[in-house]
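What follows is a single structure, written as structure tokens, with notes after it.
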Amino acid sequence: MSRSHEEVEATLHTAKVKPEELRGTVQCLTFSDRFTSGDFHLMELDDTLCKQIEAGDSLVIRGDKTDHAVLCSQDKTYDLKIADTSNLLLFIPGCKSAEQLPADQQPLTVLHCEIAGFSNHYWELRQCRPKLKKLKKLLKENTYDGSENERDNSQDSPLYTKDDLLDQIQASNEELMDNLKLIHACNIKGFWRLLDFDYEMKLLTHITQLVDSESWSFSRVPLNVCLQELRPLEPEEMIKHCLNCYGQSFDDDGEECFALDEDKICRATALMLLQNAVKFNLAEFQDVWQQSVPEGMITRLDQLKGLALVDRASRPETIFLLKAEDLPEDTQERFNSLFGMRERWTEADIAPYIQELCGEKQTIGALLTKYARSSLQNGVKFFNSRRPLS
């Protein structure tokens with residue numbers, strides 16, 4: 001039932017409210033004939049996401065049936081959680097807020113708005129880490145080890161475009177592309193592929209041997225000459241991909257060159273040595289490692305953060321492969337896994353394996369305070385699990 005001007009004025013008089021103290025627009029609410037509580041869902045967005053929506057960008061909910069749903073913008077991932085409220089939230093199309101009404105006093109105007117629905121909860125967003133562990137698992141189903149070894153295996157081993165990956169990976173577009181670069185994935189004929197590690201090392205060896213034979217500096221490898229010399233051995237796109245993985249492109253008087261990254265090359269060489277051994281005598285490993293890298297490069301244990309772990313308590317001291325990417329993505333599960341393999345850790349040892357778990361403004365120290373217990377032994381601070389491990 002619509003209210004008239006007279007009814008509005010009578011209501012204000014009964015409430016002892018002077019019309020001149022209010023804005024001149026009155027909005028009368030009634031329930032719609034199609035009133036429902038199940039057809040609408042509310043989502044709370046921050047200013048950044050609101051502006052993206054207003055600019056025409058999309059927000060996508062991603063996740064399989066067994067996954068906890070996440071919301072993805074172009075560059076960030078958010079956890080979706082239901083927040084209950086004791087206040088009834090009404091959906092009123094056409095209803096205007098105070099900021100949308102004229103600021104100056106107008107003659108009394110009555111607007112009639114219909115309540116289309118209501119809710120007592122809404123979706124709350126919290127920025128989270130993208131869930132990328134599945135990415136490498138998918139790409140490992142069909143690694144690339146050279147054109148001569150390719151075969152028609154489309155039925156047995158699937159290939160994935162970027163859109164295919166976005167359908168299965170809970171990450172934003174930018175986060176996915178950043179991680180594809182991080183794991184050295186390569187776009188081959190429109191499909192994203194991981195190079196077989198032995199093939200990747202073969203490409204890297206070709207490049208470092210050429211640098212040695214030409215007496216080039218590792219800080220300046222000319223791209224065109226490199227491609228020309230190695231073209232008989234490997235496709236140009238594979239050589240350039242390897243240079244991008246292990247170096248940084250720069251322009252030198254109009255000529256594209258690459259500066260090879262010593263840490264990345266030493267790290268890859270260590271992975272090659274460690275991947276087939278359960279444990280390695282530390283002293284022997286360091287000797288073999290130094291002999292295996294290109295001449296002029298220096299190996300250091302800090303190059304192996306998040307890749308290998310040194311056991312200083314064993315006699316002789318040993319080193320073994322432990323990749324951060326192989327650990328659980330869930331924070332509590334990762335701490336359980338780490339404390340399951342070693343009862344106590346120094347901060348220096350555990351930091352590379354929990355660094356990525358830190359939130360946007362969270363420190364490693366804060367994370368350890370929450371999930372670990374500290375103790376001092378002979379002046380050295382150690383961390384062990386806060387909860388009993390089964």
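Nothing fancy with the numbering, it's 1 onward along the sequence.
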- Item | Point-to-point distance, once rounded to the nearest 0.5 Å, from CG of L139 to NZ of K134 | 12.0 Å
- Query: Is the side chain of Y144 donor-acceptor paired with the backbone N or O of S147 at a distance under 3.5 Å, no angle test?
  - Reply: yes
- Using modelled atom types only, decide if a donor and an acceptor are shared between the side chain of D64 and the backbone of D67 within a distance under 3.5 Å. no
- same_hphob_cluster(L301, L271) at 4.5 Å side-chain heavy-atom cutoff: yes
- Message: Hydrophobic cluster membership, with links at side-chain heavy-atom distances under 4.5 Å among I/L/V/M/F/W/Y: are L227 and L230 in one?
- Response: yes
- Shortest non-hydrogen contact from C128 to K131? SG-NZ, 4.1 Å
- Message: Could you check whether atom NZ of K264 has more than 12 heavy atoms from other residues, nucleotides or ligands sitting under 6.0 Å from it?
- Response: yes
- Query: side chain to side chain contact (heavy atoms under 4.5 Å, CB included) between W123 and E44: does it pass, once the steps are laid out?
  - Reply: CA-CA 6 Å; W123 288 103; E44 185 180 54; over 6 Å; no
- Minimum heavy-atom distance P93-A116, with the two atoms named: CD-CB, 3.9 Å
- Task: Taking atom types as modelled, find out whether Q303 and D263 have a side-chain donor-acceptor pair closer than 3.5 angstrom.
- Result: yes
- For the pair E175 (side chain) and S172 (backbone), establish whether a donor and an acceptor sit closer than 3.5 Å, ignoring hydrogens and angles. yes
- Rounded distance [0.5 Å steps], CG in L233 versus NE2 in H206: 5.0 Å
- Message: Could you check whether atom CZ of R386 has more than 12 heavy atoms from other residues, nucleotides or ligands sitting under 6.0 Å from it?
- Response: yes
- Query: What distance do K51 atom NZ and D57 atom CG have between them, rounded to the nearest 0.5 Å?
  - Reply: 13.0 Å
- Message: Quick check: do L49 and D46 have side-chain heavy atoms less than 4.5 Å from each other?
- Response: yes
- Message: Is there a path of hydrophobic side-chain contacts, each under 4.5 Å between heavy atoms of I/L/V/M/F/W/Y residues, joining L322 to I183?
- Response: no
Give every donor-acceptor pair under 3.5 Å between a side-chain atom in residues 239-259 and any protein atom, sequence neighbours left out.
from : atom 1 : to   : atom 2 : distance (Å)
H241 : NE2    : H184 : O      : 3.1
N244 : ND2    : K240 : O      : 3.2
Y246 : OH     : E200 : OE2    : 2.5
S249 : OG     : E256 : OE2    : 3.0
D251 : OD2    : G254 : N      : 3.1
D252 : OD2    : R220 : NE     : 2.5
D252 : OD2    : R220 : NH2    : 3.1
E255 : OE1    : R220 : NH2    : 2.9

- Query: Are L376 and F382 side-chain neighbours, meaning at least one heavy-atom pair lies under 4.5 Å?
  - Reply: no
- Query: Is there a side-chain contact between V225 and W216, using heavy atoms and a 4.5 Å cut-off?
  - Reply: yes
- Query: Under a 4.5 Å cut-off applied to non-hydrogen side-chain atoms, are R342 and I350 in contact?
  - Reply: no
- Item | Interatomic distance, Q127 atom CD to T77 atom OG1 [nearest 0.5 angstrom] | 8.0 Å
- In terms of heavy-atom contacts, L307 and L321 come closest through O-CD1, 3.4 Å
- Task: Give a yes or no on whether M238 and I265 share a hydrophobic cluster (residues Ile, Leu, Val, Met, Phe, Trp, Tyr; joining criterion: side-chain heavy atoms under 4.5 Å apart).
- Result: yes
- Pairs involving residues 328-338, ordered by first then second residue, that meet side chain to side chain donor-acceptor pair (under 3.5 Å) (sequence neighbours left out): Q332-N336, R334-E356
- Message: With clusters defined by side-chain heavy atoms of hydrophobic residues (ILVMFWY) lying less than 4.5 Å apart, directly or transitively, does L59 cluster with M177?
- Response: no
- Kindly say whether L165 contributes a backbone atom to a donor-acceptor pair with the side chain of Q168 at under 3.5 angstrom? no
- Query: So, the side chain of D164 versus the backbone of T161: is there a donor-acceptor pair under 3.5 Å, distance only?
  - Reply: yes
- Message: Applying side chain to side chain donor-acceptor pair (under 3.5 Å) as the test, list every pair that has at least one member in residues 79-95; sequence neighbours left out.
- Response: none
- Taking the side chain as every heavy atom from C-beta outward, state whether F285 and L274 have any atom pair closer than 4.5 Å. yes
- Query: Between N173 and K162, do the side chains contain an N or O donor and an N or O acceptor separated by less than 3.5 Å?
  - Reply: yes
- How many angstroms lie between NZ in K136 and CG in L180, if you round to the nearest 0.5 Å? 11.5 Å
- Task: With sequence neighbours excluded, give me every side chain to side chain donor-acceptor pair (under 3.5 Å) pair touching residues 285-294.
- Result: Q290-T299
- For K140, does its backbone N or O pair with a side-chain atom of T143 as donor and acceptor, under 3.5 Å? no
- Dump the intermediate steps for salt bridge (charged side-chain N to carboxylate O under 4.0 Å, His left out) on D311 and K279, then the final yes or no. CA-CA 10 Å; D311 187 353; K279 282 193 175 184; 3.8 Å; yes
- Validation row: L195, D145 side chains within 4.5 angstrom (heavy atoms): no
- Message: Evaluate L80 against M43 for side chain to side chain contact (heavy atoms under 4.5 Å, CB included), listing each step before the verdict.
- Response: CA-CA 9 Å; L80 277 171; M43 184 179 292; 4.0 Å; yes
- Message: Considering only residues two or more places apart or on different chains, which pairs with a residue in residues 222-231 satisfy side chain to side chain donor-acceptor pair (under 3.5 Å)?
- Response: R231-E236
- Tell me, with the steps shown, if E234 and K202 meet salt bridge (charged side-chain N to carboxylate O under 4.0 Å, His left out). CA-CA 10 Å; E234 296 294 344; K202 177 183 174 184; 3.4 Å; yes
- Query: Shortest non-hydrogen contact from N142 to R193?
  - Reply: O-NE, 3.0 Å
- Would you check if L176 and P130 make a side-chain contact, meaning some heavy-atom pair closer than 4.5 Å? no
- Item | Contacts of type salt bridge (charged side-chain N to carboxylate O under 4.0 Å, His left out), residue E317, not counting sequence neighbours | R312
- Is the count of non-hydrogen atoms from other residues, nucleotides or ligands lying under 6.0 Å from E295 atom CD greater than 12? no
- Task: Might you confirm whether atom CD of E343 has over 12 heavy atoms from other residues, nucleotides or ligands at distances under 6.0 Å?
- Result: no
- Trace of the side chain to side chain contact (heavy atoms under 4.5 Å, CB included) decision for I319 with L304: CA-CA 10 Å; I319 187 171; L304 306 184; 3.9 Å; yes
- Item | Donor-acceptor contact present, side-chain N378 to main-chain V380, <3.5 Å | no
- Query: Roughly how far, to the nearest 0.5 Å, is the CG atom of L90 from the CZ atom of F31?
  - Reply: 6.5 Å
- Query: Would a 4.5 Å heavy-atom cut-off, applied to side chains only, mark I364 and C358 as touching?
  - Reply: yes
- Please work out which of the three classes, parallel, tilted or perpendicular, describes the rings of W345 and Y353, given edges at 30° and 60°. perpendicular
- Just wondering, are more than 12 heavy atoms of other shown residues or ligands nearer than 6.0 Å to NZ in K381? no
- Are any side-chain N or O atoms of Q170 and backbone N or O atoms of R62, one a donor and one an acceptor, separated by less than 3.5 Å? yes
- Any chance NE2 of H13 has more than 12 other-residue heavy atoms, nucleotides or ligands included, within less than 6.0 Å? no
- Message: So which atom in S73 and which in Y78 form the shortest heavy-atom distance, rounded to 0.1 Å?
- Response: OG-CE1, 4.2 Å
- Message: I need the minimum non-hydrogen distance between A268 and M201, along with the two atoms involved.
- Response: CB-SD, 3.9 Å
